[in-house]
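Quick notes on the structure that follows.
In this chain, numbering begins with 1 at the start of the sequence shown.
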Amino acid sequence: MSHSSASAGLPAGVVVFERGWLSSNNVLFVGSTETALVDTGYATHAEQTLALVESVLQERPLDRILNTHLHSDHCGGNAALQGRYPSVRTEIPPGEAALVESWDEQKLSFLATGQICPRFRFTALLLPGSECVLGDRPWQVHAAPGHDPHSVILFEETSRTLISADALWENGFGIAFPELAGEPSFGEIGATLDLIAGLAPRRVIPGHGAVFDDVARALDIAGRRLDGLSRDPVKHARHAIKVLMKFKLLEVQSISLTAWKTWLASTPYLELIRSRFFRGSELGQLARDMLEELVAAGGAEVDAEVVRNR
């Protein structure tokens with residue numbers, strides 16, 4: 001589920017590996033003296049991530065890893081890449097650095113969302129307001145809270161290329177995770193969309209989906225979606241449950257109903273969403289309803305014993 005494009009008006013030395021939705025896209029920079037990879041995909045795709053990087057770098061080592069934010073689908077390949085390239089330097093946004101250092105899985109998002117991420121180390125911080133040289137060009141680092149409070153996006157002024165992570169996709173943006181936990185963040189998503197509009201990128205490399213250049217259309221879709229979700233937070237909460245379910249199905253492809261129920265019960269985020277938005281429902285019933293909606297939308301299938309991805 002991936003292909004690379006060094007084309008489509010991207011700066012020289014930039015290769016985009018477009019991945020399926022379980023893994024974020026990876027952006028590889030091949031500079032004259034240094035190589036770097038922005039975002040590393042999900043843990044279960046780590047072998048494929050290594051193969052993609054090696055297919056371009058050949059004998060050259062990977063010098064740097066940069067993570068736009070620390071969701072499992074963006075940093076799940078860090079550990080494997082650090083194993084393959086022992087001298088690689090890894091840069092993460094500052095917000096959760098202490099949690100990564102102590103590997104606090106309770107406070108990092110992995111356990112709460114029922115996802116996996118092997119422990120990795122980091123060597124430096126990717127600070128908003130700074131510039132970093134990738135592929136021999138300076139890229140601006142901008143704070144982009146909303147989907148994740150600590151996320152950053154990267155912008156190259158000359159080519160007007162934006163690495164938008166989950167702040168802007170061609171047809172929307174990532175779930176407002178803080179909002180689900182009772183920390184208002186729809187406003188931050190709006191501010192981040194305004195920031196992107198002000199940067200006026202010509203081309204966007206999103207965290208998921210193909211590289212696109214109709215940025216005005218994407219911003220319009222995102223703005224309308226944000227208005228709708230702000231007016232109906234319960235709709236956003238229902239969508240979030242289905243996204244977490246779909247992510248699990250993408251990971252496992254098929255799972256017994258018994259193991260599915262165990263996963264539901266052991267994923268604290270689902271109970272958190274239920275207790276905030278669906279107080280009148282019991283988690284098992286809410287999960288059955290959401291799974292039915294996922295099946296009706298063609299995203300899953302269920303029989304007497306198994307839940308399958310579709």
Side-chain angles (χ1 to χ4, degrees), residues 1-69 71 73-85 87-92 120 126 131-142 151-170 199 201-215 218:
M1 270 304 287
S2 68
H3 64 271
S4 61
S5 61
S7 55
L10 291 172
V14 178
V15 183
V16 178
F17 300 122
E18 186 190 337
R19 310 294 292 269
W21 278 80
L22 181 61
S23 280
S24 67
N25 293 338
N26 322 123
V27 190
L28 183 64
F29 292 86
V30 185
S32 53
T33 60
E34 193 177 68
T35 64
L37 186 71
V38 173
D39 288 340
T40 64
Y42 193 59
T44 54
H45 285 173
E47 296 271 307
Q48 191 187 34
T49 305
L50 286 176
L52 288 166
V53 169
E54 286 174 8
S55 72
V56 173
L57 294 187
Q58 304 288 329
E59 300 307 306
R60 283 185 74 172
L62 180 65
D63 298 308
R64 290 164 74 193
I65 294 167
L66 301 91
N67 297 121
T68 57
H69 61 299
H71 285 168
D73 55 331
H74 290 257
C75 62
N78 284 18
L81 286 159
Q82 290 175 353
R84 170 70 181 81
Y85 302 104
S87 60
V88 71
R89 305 192 306 284
T90 302
E91 295 158 53
I92 64 173
F120 60 85
L126 195 53
E131 260 189 0
C132 57
V133 176
L134 299 168
D136 303 330
R137 288 167 174 254
W139 288 72
Q140 303 167 1
V141 183
H142 293 275
S151 188
V152 299
I153 55 178
L154 302 169
F155 183 64
E156 202 284 306
E157 214 166 9
T158 308
S159 65
R160 304 193 87 93
T161 305
L162 178 72
I163 297 174
S164 66
D166 294 341
L168 180 68
W169 300 334
E170 194 165 12
L199 292 172
R202 228 176 257 143
R203 184 156 288 105
V204 173
I205 305 170
H208 301 270
V211 175
F212 62 90
D213 51 18
D214 194 343
V215 184

Which residues share a ring pair (Phe, Tyr, Trp, His ring centres under 6.0 Å) with Phe120, sequence neighbours left out = Trp103
key: With Ser151 via side-chain hydrogen bond (donor to acceptor under 3.5 Å, both in side chains) - residues at least two apart   = none
query = Ser159 and Arg137: side chain to side chain contact (heavy atoms under 4.5 Å, CB included), yes or no, with the steps?
reply = CA-CA 10 Å; Ser159 65; Arg137 288 167 174 254; 3.9 Å; yes
inquiry  = Could you work out, with side-chain hydrogen bond (donor to acceptor under 3.5 Å, both in side chains) as the rule, every residue matching Arg84, not counting sequence neighbours?
reply    = Glu54
query = Can you name the closest pair of heavy atoms from Asp213 and Arg202 and give their distance?
reply = CB-O, 3.2 Å
request  = Please name all residues satisfying side-chain hydrogen bond (donor to acceptor under 3.5 Å, both in side chains) with Thr49, sequence neighbours left out, ordered by chain then number.
outcome  = Arg19
message = Enumerate the salt bridge (charged side-chain N to carboxylate O under 4.0 Å, His left out) contacts for residues 29-43, please, sequence neighbours excluded, ordered by first and then second residue.
response = Glu34-Arg64, Glu34-Arg89
query = Looking only at atom types and distance, does a side-chain atom of Asn25 sit under 3.5 Å from a main-chain N or O of Ala210, one as donor and one as acceptor?
reply = no
Derivation of the side chain to side chain contact (heavy atoms under 4.5 Å, CB included) call for Ile65 and Gln82 = CA-CA 9 Å; Ile65 294 167; Gln82 290 175 353; 4.2 Å; yes
note = The side-chain hydrogen bond (donor to acceptor under 3.5 Å, both in side chains) partners of Thr44 (sequence neighbours excluded) come to none
query = Would Asn78 and Thr40 count as having a side-chain donor-acceptor pair, cut-off 3.5 Å?
reply = yes
note = Contacts of Gln140 meeting side chain to side chain contact (heavy atoms under 4.5 Å, CB included) (sequence neighbours excluded), chain-then-number -> Glu131, His142, Phe155, Glu157, Leu199
query = With sequence neighbours left out, what residues match Ala80 under side chain to side chain contact (heavy atoms under 4.5 Å, CB included)?
reply = Ala46, Leu50
ask   = Does Asp63 offer a backbone N or O that forms a donor-acceptor pair with the side chain of Thr35 under 3.5 Å?
value = yes
query = How close do Asn26 and Gly41 get, heavy atom to heavy atom, and via which atoms?
reply = ND2-N, 3.4 Å
ask   = Under 3.5 Å, is there a donor-acceptor pair linking the side chains of Asp166 and His71?
value = no
key: Those residues that, when tested against His45, pass ring pair (Phe, Tyr, Trp, His ring centres under 6.0 Å) (two or more places apart)   = none
key: Contact summary for Pro11 and Glu156, nearest pair of heavy atoms   = CG-OE1, 4.5 Å
task = Apply side chain to side chain contact (heavy atoms under 4.5 Å, CB included) to the pair Ile205 and Val38, showing each step before the final yes or no.
result = CA-CA 11 Å; Ile205 305 170; Val38 173; over 6 Å; no
Mind listing the side-chain donor-acceptor pairs of residues 55-62 below 3.5 Å, one per line with the distance, residues two or more places apart or on another chain?
from: Ser55; atom 1: OG; to: Leu52; atom 2: O; distance (Å): 2.6
from: Gln58; atom 1: NE2; to: Ser55; atom 2: O; distance (Å): 2.8
from: Arg60; atom 1: NH1; to: Gly31; atom 2: O; distance (Å): 2.9
from: Arg60; atom 1: NH2; to: Gly31; atom 2: O; distance (Å): 3.0

ask   = Do you know the tightest heavy-atom contact between Ala165 and Val152?
value = CB-O, 4.2 Å
message = Does any part of the side chain of Asn67, heavy atoms only, come nearer than 4.5 Å to the side chain of Thr90, both counted from C-beta?
response = yes
note = In terms of heavy-atom contacts, Pro201 and Val215 come closest through O-CG2, 3.4 Å
query = Hey, does Leu154 have a side-chain heavy atom less than 4.5 Å from the side chain of Val141?
reply = yes
ask   = Which residues pass the side chain to side chain contact (heavy atoms under 4.5 Å, CB included) test with Ala167, sequence neighbours left out?
value = Ala144, Ile153, Thr192, Ile196
ask   = With no hydrogens and no angle check, is any side-chain donor or acceptor of Thr161 less than 3.5 Å from a backbone partner on Arg203?
value = no
task = Using the test side chain to side chain contact (heavy atoms under 4.5 Å, CB included), find all partners of Asp136 that sit at least two apart in sequence or belong to another chain.
result = Ser32
message = If you compare all heavy atoms of Val53 against all heavy atoms of Tyr85, which two are closest, and at what distance to 0.1 Å?
response = CG1-OH, 3.9 Å
request  = Assign the ring pair Trp139 / Phe29 to parallel, tilted or perpendicular, where the plane angle (0 to 90°) is split at 30° and 60°.
outcome  = perpendicular
